[in-house]
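Have a look at the structure below before the remarks.
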Amino acid sequence: MSLADTDASALWLSLRLAAITTALLVPLGTPLAWWLAGGRARWRVLIDALVSVPLVLPPTVLGFYLLVLLGPHGWIGAAVHALGLKALVFSFSGLVIGSMVYSLPFVVQPLRDAFESVGVRMLEAAATLRASPWDRFFSVSVPLAARGFVTAAVLTFAHTLGEFGVVLMIGGSIPGRTRTASIAIFDHAEALDYGAANRLSATLIVIALVLLVGLYAVTRSARGPTAMVRTWPWR
Amino acid sequence: MALALSLALARPGFTLQVQCEFAARGVTALFGRSGSGKTTLLRCIAGLERFARARVCFDDEVWQDESRFVPTHRRALGYVFQEASLFPHHDVRGNLEFGFRRLPRSQRKIQLDEAVSLLGLETLMQHRSEQLSGGERQRVAIARALLASPRLLLLDEPLSSLDETSKAEILPHLERLHDSLSIPMIYVSHALGEVMRVADQLILLDDGRVRAAGRLQELLTREDLPLAHLENAGAVLEGTIEAHDPAYHLSFVSIPGGRVALALKALPIGHRVRVRVDARDVSVALKPPELTSISNVLPATVLDLQPDRDPAQVTVRLALGNERLLARVTRRSADQLGLARGMPLYAQIKSVALID
């Protein structure tokens with residue numbers, strides 16, 4: 001079973017999109033998750049809900065508003081235009097932005113839970129041992145929340161890989177630029193080329209399974225974030 | 001005076017109004033019932049809690065007042081929590097080095113090996129927190145705090161989550177700290193036994209207020225304080241090992257006003273010890289008793305008599321040299337002997353426990 005060149009490039013585009021989205025979203029979602037885990041702000045409930053909205057909205061709704069926002073008359077689109085940058089809609093950068101919004105809860109929720117489970121006491125202990133707030137974050141919170149980081153990264157990657165509605169709305173289907181694997185499958189099915197659709201779909205299933213098996217193997221091999229850290233290769 | 005603290009706090013069902021000073025040397029116990037505000041005070045001293053109406057001064061540094069607040073990691077203190085709170089992602093060595101590594105070499109007052117041997121952790125260095133017993137964990141936590149070279153060590157009921165065996169395992173280490181380090185310690189506890197073993201000074205906290213503060217020996221026997229009226233009330237005396245009698249399996253300790261015998265302890269002559277004499281183990285006689293099985297008889301003077309919780313008993317406070325002793329006798333005996341203030345008599349001590 002081999003993929004046609006166009007399908008291989010669509011798959012490659014999906015993988016790139018997933019990798020870039022993950023690489024950007026995990027560091028950007030971390031402070032937000034940290035803030036939400038702190039749990040003192042009154043705004044927390046609202047922000048918590050906002051972050052989770054992409055979970056329940058149809059991706060087309062999200063994609064529609066992103067299209068409006070990023071388009072030449074939207075706030076962001078106009079700002080980008082004024083700065084003399086390339087338009088975001090129907091571009092790879094636009095897809096990255098859309099994917100980041102769409103996958104936000106997949107980063108924030110596991111990280112928020114992981115930070116919450118680290119608890120206040122560990123940070124207090126570190127503070128009494130001369131660790132500054134930044135130091136505490138990197139030397140206590142991050143290692144103890146390692147499992148949350150792995151979960152966040154894998155879920156974001158897998159979720160972005162399978163994204164369809166948002167991509168369709170803001171990306172169109174430009175080969176090599178915005179035609180991701182899921183769009184290619186849709187095109188094949190519409191053209192009644194079930195063989196091609198099947199080959200690409202099966203490839204996505206295998207990738208998703210490998211990712212999830214890997215994730216569960218890592219996070220289940222040990223109970224609690226501690227043991228997780230211990231089995232980590234870089235420890 | 002090493003530390004001055006004032007704190008006013010009002011919460012529904014809980015008010016705290018405290019002003020106290022802590023000695024620059026030795027162990028000061030913050031003693032009181034659960035809910036009396038001990039831990040809150042300690043957390044305020046450490047800067048783990050920031051209260052609006054608080055003032056904390058340590059030596060010449062202001063840690064907190066109306067306008068200033070030094071964050072915890074900039075206060076030169078060590079903190080031992082009720083539960084050891086070791087970092088699960090580090091082994092024992094990693095935990096010990098956590099604070100140690102964060103100090104410039106010039107500020108390190110204690111080396112890793114010293115702390116390790118002081119707390120007896122030699123064989124545990126590669127262990128993870130979950131492989132340790134409760135007592136071991138707490139020993140690691142104490143060593144970890146010491147290795148941050150604190151100028152003040154705060155201990156929040158460090159033994160309360162441990163079983164009796166683990167307590168017995170840690171107490172000698174705490175006493176060793178007391179003897180070998182010059183770091184002032186504040187020890188929060190609601191266990192009188194622990195306080196009698198480790199404290200020099202006592203601050204008695206009751207219902208969010210300081211009820212009394214002073215030397216342990218004095219507060220233990222003060223008639224206006226609840227300590228002298230507890231079922232296990234007693235006096236603590238400082239003494240020196242004077243001689244051993246292996247044949248009778250006894251050691252002799254000189255204390256203010258005399259000398260007492262107790263079960264043989266393998267300690268060098270001249271070693272300073274602390275003994276505990278429970279009020280219920282002390283009786284009194286007007287003349288030196290001749291035919292008695294009680295070997296510890298010391299001349300003393302009656303300071304006063306206080307009604308006991310038990311209506312049949314009274315608590316007699318005795319002056320023994322400069323120190324105080326409590327005796328619990330029946331009211332009937334007290335009347336028959338005509339006990340009164342200033343009367344010389346003999347205290348017969350049935351049992352003396354070496355606190356060690």
Side-chain angles (χ1 to χ4, degrees), chain A residues 30 33-35 37-41 110-111 113-153 218-235, chain B residues 39 42-43 45-50 70-91 94-104 107-108 126-131 137-138 140-156 161:
Chain A
T30 302
W34 172 257
W35 180 73
R40 285 203 190 157
L111 281 181
D113 293 350
F115 286 140
E116 271 173 2
S117 74
V118 171
V120 179
R121 176 49 52 79
M122 286 298 144
L123 297 172
E124 287 184 347
T128 66
L129 295 166
R130 315 293 181 87
S132 67
W134 280 104
D135 185 354
R136 299 202 282 274
F137 177 76
F138 287 109
S139 62
V140 178
S141 298
V142 170
L144 288 180
R147 191 150 81 151
F149 279 96
V150 174
T151 307
V218 172
T219 54
R220 290 250 172 102
S221 65
R223 286 181 195 91
T226 341
M228 155 86 204
V229 170
R230 202 175 347 144
T231 55
W232 222 204
W234 36 260
R235 277 288 307 164
Chain B
T39 298
L42 210 61
R43 292 178 61 82
I45 295 169
L48 294 174
E49 214 87 55
R50 184 176 184 171
V70 177
T72 302
H73 68 278
R74 296 223 186 84
R75 301 185 184 193
L77 51 83
Y79 200 108
V80 178
F81 294 89
Q82 214 162 348
E83 334 75 45
S85 312
L86 299 184
F87 299 120
H89 58 303
H90 287 299
D91 58 8
N95 268 283
L96 294 181
E97 285 176 343
F98 193 95
F100 187 68
R101 277 192 293 113
R102 281 166 174 75
L103 275 186
Q107 286 180 31
R108 292 177 187 165
Q126 316 304 330
H127 286 47
R128 293 263 162 192
S129 161
E130 72 266 16
Q131 294 168 278
R137 255 179 240 164
Q138 207 53 287
V140 175
I142 294 168
R144 181 176 73 169
L146 288 178
L147 280 164
S149 297
R151 290 169 61 203
L152 173 69
L153 185 60
L154 309 173
L155 302 113
D156 185 6
S161 62

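Sequence lines set the chain letters: A, B, ... in the order given, protein chains first and strands last, and positions in each chain run from 1.
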The reported gap from CZ in A:R136 to NE2 in B:H73 (rounded to nearest 0.5 angstrom) is 6.5 Å
Turns out that what part of B:R144 lies under 4.5 Å from chain A's heavy atoms comes down to both
Value for CD (B:E97) from CG (A:L129), rounded to nearest 0.5 Å, stands at 12.5 Å
Heavy-atom closest pair (A:A125 atom, B:S85 atom, distance to 0.1 Å) is CB-O, 4.1 Å
Is B:H90 close to A:P143 at the side-chain level, that is, under 4.5 Å between some pair of heavy atoms? no
Counting heavy-atom pairs under 4.5 Å with chain A, the top scorer among B:P71, B:S129, B:G78, B:A148 is B:A148
Under 4.5 Å to a heavy atom of chain B? For A:V140 that would be both
_Let's go through B:Y79 and A:E124 carefully: what are the C-alpha distance in whole Å and the side-chain angles of both, what is the deciding distance for side-chain contact (heavy atoms from CB on, under 4.5 Å) to 0.1 Å, and is it a yes or a no?_
CA-CA 9 Å; B:Y79 200 108; A:E124 287 184 347; over 6 Å; no
Okay, B:L154 and chain A: the region with an atom under 4.5 Å from a heavy atom over there is neither
Output for pair (A:R130 CZ, B:L103 CG), nearest 0.5 Å, gives 4.5 Å
Any side-chain heavy atom of A:S139 sitting closer than 4.5 Å to one from B:R102?
yes
One should read off an interatomic distance between B:F98 CZ and A:T128 OG1, to the nearest 0.5 angstrom, of 9.0 Å
Answer key: most heavy-atom pairs under 4.5 Å with chain A among B:R75, B:R43, B:R74, B:E83 is B:R43
For A:M122 and B:L86, the nearest pair of non-hydrogen atoms, with its separation, is CE-O, 3.1 Å
Honestly, the part of B:A141 sitting under 4.5 Å from a heavy atom of chain A is neither
